[in-house]
Each structure stands twice: as structure tokens, then as C-alpha cells.
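Report on one structure; see the data block that follows.
A note on names: the letters A, B, ... follow the listed sequences, proteins ahead of strands, and every chain is numbered from 1.
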Amino acid sequence: MALRLYNTLTRRVETFDPLQPGRVSLYVCGMTPSFHPHLGHARTFLTFDVLVRYLRARGFEVTYVRNITDIDDKIIERANAEGVAWDDVVNRYYGEFTVCAQRLGLLTPSVEPRATDEIPGMVDFIRRLVELGAAYETADGVYFSVAHDPRYGSLSRRNLDELRAGERIAVREEKRDPLDFALWKKAKPGEPTWPSPWGPGRPGWHIECSAMCRRYLGDQFDIHGGASDLVFPHHENEVAQTETVTGKHPMARFWIHAGLLNVDGQKMSKSAGNFVPLPELLDRFPAAAVRYLFLQTGYRKPSNFSLAALEAAVRGLRGLYADVDALPSGPLVPDGPTAAGERLALPDEFASYLDDDLNTAGALGWLQRALRAQRAAGTDPATRDARARTLRACLDVLGLPPSGAHASLTARTVEVRLDDGHRKLLAAIAGDEAPDDRALIQRVVELRQAARARRDYAESDRLRDVLGRAGIVLHDGKNGTEWRFHEPA
RNA sequence: GGCGACAUAGCCAAGUGGUAAGGCAGGGGUCUGCAAAACCCCGAUCCCCAGUUCGAAUCUGGGUGUCGCCUCCA
């Protein structure tokens with residue numbers, strides 16, 4: 001059984017073999033923190049998160065690099081508009097991303113380099129390109145000469161003449177070719193700068209990734225990833241820069257691109273008004289449900305997001321965990337956390353789905369079937385335990401919590417807050433001061449319990465109804481009554 | 001205009017030559033004071049047309065439709 005992945009470079013699904021046996025080098029383009037992280041970021045990073053988890057489960061030692069491009073036009077724009085320092089903008093939005101990443105259970109990359117920490121490396125890189133005659137200086141910067149690279153356009157399968165015909169940006173007179181792109185931008189007033197042989201300025205987009213890939217993974221490495229909107233021009237330009245300097249092809253043996261996220265059938269964008277900020281979304285919905293939602297779709301396909309789809313995912317996950325939490329408890333794997341290089345015992349069938357270009361939807365389907373079978377069977381205790389352990393290992397590879405997710409799926413992370421009318425109503429029923437809304441609700445729930453205990457079902461139903469109108473849903477279980485806020489769709 | 005992806009039940013979605021996974025919603029049932037949850041059971045011949053084949057959702061050709069990239073973007 002071999003892992004097969006779709007390679008953008010060849011436009012085919014190919015068997016994955018790393019350059020060095022047992023070791024995988026992976027670079028993923030991270031975010032540019034010029035605005036809130038959004039759902040599209042989540043989808044892309046979740047995709048590579050599962051890839052890394054699976055590679056590790058297969059026994060590969062993975063070096064996972066995910067960068068931060070913490071300097072670019074939009075960051076500066078934003079900072080100027082707000083009258084704050086550029087790095088304040090970066091810290092704010094990257095901080096948001098870090099919190100979201102943690103909630104989503106994204107693995108921490110092996111290295112997470114920041115572009116602005118790598119500028120000397122970029123300057124060296126650019127200097128070398130100039131020496132090779134592949135780059136030239138102009139009044140406002142240093143540009144890469146596309147004409148110097150005979151292979152330019154091959155990753156994204158672009159025809160240069162057509163690209164030139166479609167060029168919409170006003171051609172700067174000093175650029176030798178409209179397709180040439182900036183390696184270094186000379187400073188303009190009000191911009192952060194770093195020193196260089198071409199005067200103070202800042203790096204252009206693309207060069208940071210070339211420099212960081214090379215520094216952390218070498219001239220050639222196994223997998224370069226990102227979302228599919230980066231294929232052109234970002235990755236094409238990265239390839240041009242790197243391969244010109246190293247003289248080696250290919251820079252990355254596999255280029256893997258995650259599909260874009262659409263919202264209600266349209267591309268998500270700020271201007272379309274369907275931008276989904278991640279922090280808010282994760283306040284309102286369980287992060288595991290977001291992961292589950294994306295696991296249900298092939299990572300390369302465009303994914304249509306809607307609130308209805310997420311809500312269906314919440315319900316689906318809840319059902320999944322009803323089964324998972326019923327599994328015999330026990331450690332995820334016999335010997336605790338997976339040591340590097342240790343191979344998790346995944347069921348062959350489950351693994352065969354992931355082998356097939358990371359078919360998480362198929363794998364999830366298998367898991368559901370297995371859980372149903374587990375429910376039905378469950379005779380011999382030894383078998384049960386072994387199967388439970390195996391199923392938990394599957395969850396782990398997908399990055400889903402091993403168990404105990406029920407509480408996090410029902411409890412909202414939003415503050416418990418009643419509006420004044422409902423608060424008065426409940427306080428009148430409770431007939432007592434409560435320190436806060438949560439306690440107030442609890443008191444009314446207890447009154448209803450008491451009514452049930454004395455079989456006063458009319459009163460019990462009345463209290464359920466009053467709470468219901470305040471947006472609170474009750475569940476009577478063996479261990480008492482649970483309540484939660486119900487969010488209207 | 002150029003390049004590309006996709007089109008499977010009400011919705012999401014897997015499946016790339018041998019007679020359609022899974023989830024959500026819906027219906028029926030068990031359980032529950034009621035309700036919820038949970039558990040059991042129930043559903044599609046795969047956008048259209050023409051081909052290839054013993055056999056196609058799966059291959060070829062032609063349509064139609066949706067979306068994306070070509071400019072900043074995960």
C-alpha cells in the first residue's frame with residue numbers, strides 16, 4: 001500500500017516517496033496577518049494538518065514548516081489607516097490566528113519562521129539572482145526577469161504571451177517585461193524598511209518563501225503546499241526564483257493545493273460581504289465541527305460553506321461522539337503518545353482511503369460504519385478494547401478529539417446572558433436573588449426538577465416553556481438535567 | 001477571450017469499468033410523565049445526447065449548467 005497524492009506539478013495522482021527514506025520535508029504557505037483569519041485559512045491548514053498527522057502515523061518523520069509573511073502592502077496600508085505600527089497589526093491578527101489554530105487542534109509546525117526575521121537571507125538570495133543576470137535594479141526596486149527562466153509558467157501551465165496580453169496593471173516603464181515581479185521594493189515615505197545593497201526597503205512578495213524553504217528544507221524538498229489560489233503567481237514565482245539560484249529542478253517534488261472555500265456558492269471575499277472571520281465563528285460553533293465539516297469534502301474540491309452545512313456538521317459530530325464516547329475507555333494507543341517514527345496501527349481499510357489522495361470523506365464514512373459495527377457487536381471484552389483503541393487511533397489521525405467532546409459540543413462558549421425581560425421573569429419564579437444569570441437559570445431548572453419529583457408535570461412543563469422562551473433547551477438525563485442556550489439558525 | 005475544476009437522493013458528499021459509502025434533514029418504530037438524546041428500520045441508476053464495451057456514474061466525443069484562476073488572496 002502506498003500513499004498517493006495529486007501533484008499540481010504533473011497534474012496527476014502519483015505515488016509519494018520522500019527524497020530521504022523515512023523523512024518528509026513539508027513547507028506550507030502560512031497567513032499574511034493583515035486582517036482577521038478567516039474560514040478559508042482554517043480549511044487550508046486543516047488539510048495540511050491531516051496530511052502531517054497521516055504521514056506521521058505512517059511512520060515518517062515530518063519536518064513541517066509553516067511561515068508567516070509578516071510584511072506586505074496590506075499590512076502597511078492597514079497600519080497607516082489605523083495610525084498604528086505595522087507590527088501592531090501583525091501581532092493582533094497573528095494572535096487571533098494562534099488562538100484559532102489552537103482551538104482547531106492544528107499541530108504546531110516544526111518551524112514557524114517570520115519573514116521579517118529572514119531578511120538577510122532574502123537579500124543574499126536576491127543578490128545571487130542579480131549576479132546570475134536573472135534580476136535587475138530599477139529606480140523603485142529590484143525585479144526578477146521572467147525571460148531569464150525558460151521554464152517559467154510550467155507549474156501553473158500559463159502561456160506567457162497570453163499572460164502579457166491579459167496584464168492589467170499599468171506597466172512600469174522600467175520593468176523589462178510586464179510579467180517581471182518585485183524582489184525588493186525600495187522604501188517610500190512612511191514604510192518600514194530594512195537595509196540592503198539597493199538601499200533601504202522591504203522584500204517583495206514571493207521571495208520570503210523561496211528564502212525560507214531553502215533555509216529550512218534545502219534546495220529541494222518533498223512537498224510544498226498552499227491553497228490553490230497561490231499557484232499563480234505566488235508559487236510560480238517561488239519556483240522561478242529558487243530554481244534559478246539552485247539550478248535544481250524540481251524545487252519541490254510534490255505541489256499540493258487545497259481547494260478554495262466558497263460561501264453560499266460564491267467566492268468568499270470582503271467585498272462580497274460573505275467574509276467569515278474565524279474567531280467569531282469559533283465563538284459560536286465547536287471547532288471540532290469545523291474540522292468535521294471539512295473532513296467530509298475532498299481537500300481539492302471547492303467547498304461550499306453555509307451556516308446550514310455547519311449546523312448539520314454539529315449534529316453529525318454529536319452523533320459520532322455518542323458512539324465514540326460509548327467506546328470502552330482507554331489510552332489512545334497502548335504506549336501513550338506516539339513517538340516519532342512509531343507506526344500507529346490503523347486499520348488497512350481506513351488507511352487505504354487516506355492513501356488515496358487523502359480521501360478523508362471516505363475514511364470518515366468507514367469510521368461511521370465501523371462505529372455502527374462496534375455498536376452491534378461488542379461481545380468479547382478483549383476484542384472490544386482492541387477495536388476501541390483502533391477507532392480512537394483513526395480519530396487521532398483525522399485530528400478529531402478522542403472523546404469527551406460531548407460537553408464542548410453542547411456548551412456554547414459565548415457568555416450566558418439573558419435579556420432583561422427574561423431575567424425578571426426567571427427571577428420572579430426563582431423568588432430569590434441569584435449571583436448571575438447562570439445561577440438564576442440553574443435555580444429555575446432545579447425548581448422544575450422538584451416539580452417533576454412530585455409529579456407536578458403541569459408546573460414542570462410550564463417551567464420548560466418559560467426557559468424555552470429565554471432560549472434555553474433542557475435535556476433530562478440519567479445524571480440530572482442539562483441545559484444550554486439554543487442558537488437560532 | 002485564455003486556462004482549469006466540477007455536475008451523484010431534499011441538502012452535504014464518497015465512489016474512475018462489473019449492477020451506487022457515509023452524514024444531515026424526512027418517515028416509521030423502541031425508550032421517555034412530556035420532550036430531547038440514544039438505538040433499530042426505510043430512500044437515488046448517478047445533468048443531457050451520441051459512442052466504445054459482454055457490461056459505464058466511472059472511458060471517448062458533443063451539448064448544457066455552476067464555479068474558480070488569469071490582479072491581492074489560504
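Between the P atom of B/rA38 and the CG atom of A/D325 lies a distance of 12 Å, rounded to the nearest Å. The distance from atom CG of A/L474 to atom P of B/rG33 is 16 Å, rounded to the nearest whole Å. A straight line from CZ of A/R455 to P of B/rC34 spans 11 Å, rounded to a whole angstrom. Atom pair A/K301:NZ and B/rG4:C1' shows a separation of 15 Å (rounding to whole Å applied).
Of the listed nucleotides (B/rA14, B/rC40, B/rA74), B/rC40 has the atom at the smallest distance from the side chain of A/R372. Listed nucleotides: B/rC72, B/rG2, B/rG68. Nearest to the side chain of A/P233: B/rC72. For A/Q368, taking side-chain heavy atoms from C-beta onward, the closest of the listed nucleotides B/rA14, B/rC69, B/rG22 is B/rG22. Distance from the side chain of A/N262 is smallest for B/rG68 among the nucleotides B/rG68, B/rG15, B/rC40. Among B/rG23, B/rA74, B/rA14, the nucleotide with an atom closest to any side-chain atom of A/Y292 is B/rG23. With B/rA14, B/rA74, B/rC67 as the candidates, the nucleotide lying closest to the side chain of A/A361 is B/rA14. Closest to the A/D356 side chain, of the nucleotides B/rU16, B/rG23, B/rA74, is B/rU16.
Shown here, B/rU32 forms no base pair; nothing in the strands shown gives a Watson-Crick or G-U wobble contact with both key distances under 3.5 Å. Figure legend. B/rU58 is base-paired to no nucleotide; pairs are counted as Watson-Crick or G-U wobble with both atom distances under 3.5 Å.
Looking at heavy-atom distances under 4.0 Å, A/L261 makes contact with a base. Across all strands shown, A/A258 has no heavy atoms under 4.0 Å from either base or sugar-phosphate atoms. Base engagement by A/R448 is indicated by at least one non-hydrogen atom pair under 4.0 Å involving a base atom. Contact annotation for A/R464: base contact, defined as any heavy-atom pair under 4.0 Å involving a base atom. Nucleic acid contact class of A/S460 (heavy atoms, under 4.0 Å, all strands): base. Among the protein residues, A/D323 comes within range of the sugar-phosphate backbone only, with heavy atoms under 4.0 Å from sugar or phosphate atoms but none that close to a base. At the heavy-atom level, A/L367 lies nowhere under 4.0 Å from the strands shown. Contact annotation for A/N304: no contact, since no heavy-atom pair falls under 4.0 Å across all strands. Using a 4.0 Å heavy-atom cutoff across all strands shown, A/R452 reaches at least one base atom of the nucleic acid. The residue A/H234 sits apart from the nucleic acid: no heavy atom pair falls under 4.0 Å. A/L260 comes within contact range of at least one nucleobase, with a heavy-atom separation under 4.0 Å.
The main-chain N or O of A/S145 is never found under 3.5 Å from a side-chain atom of A/D177 such that the two would form a donor-acceptor pair. Side-chain atoms of A/D180 come within 3.5 Å of backbone atoms of A/V146 as a donor-acceptor pair (strictly under, hydrogens ignored).
Aromatic ring pairs are classed by plane angle as parallel below 30°, tilted from 30° to 60° and perpendicular above 60°; the pair A/H206 and A/H234 is tilted. A/Y27 and A/H224 have tilted rings, their planes meeting at an angle from 30° to 60° on a 0 to 90° scale. Using cut-offs of 30° and 60° for the angle between ring planes, the A/F97 and A/F45 rings count as perpendicular.
Taking the ring axis of A/Y6 as reference, the NZ or CZ atom of A/R300 stays within 45° of it and closer than 6.0 Å to the ring centre.
Between A/R78 and B/rC72 there is no side-chain N or O to OP1 or OP2 distance below 4.0 Å. For A/T297 and B/rC12, the shortest distance from a side-chain N or O to OP1 or OP2 is not below 4.0 Å. In terms of phosphate contacts, A/Q296 brings no side-chain nitrogen or oxygen within less than 4.0 Å of OP1 or OP2 of B/rA14.
For A/D461 against B/rG33, a side-chain N or O and a base N or O form a donor-acceptor pair under 3.5 Å. With hydrogens and angles left out, the side chain of A/D73 and the base of B/rC72 share no donor-acceptor pair within 3.5 Å.
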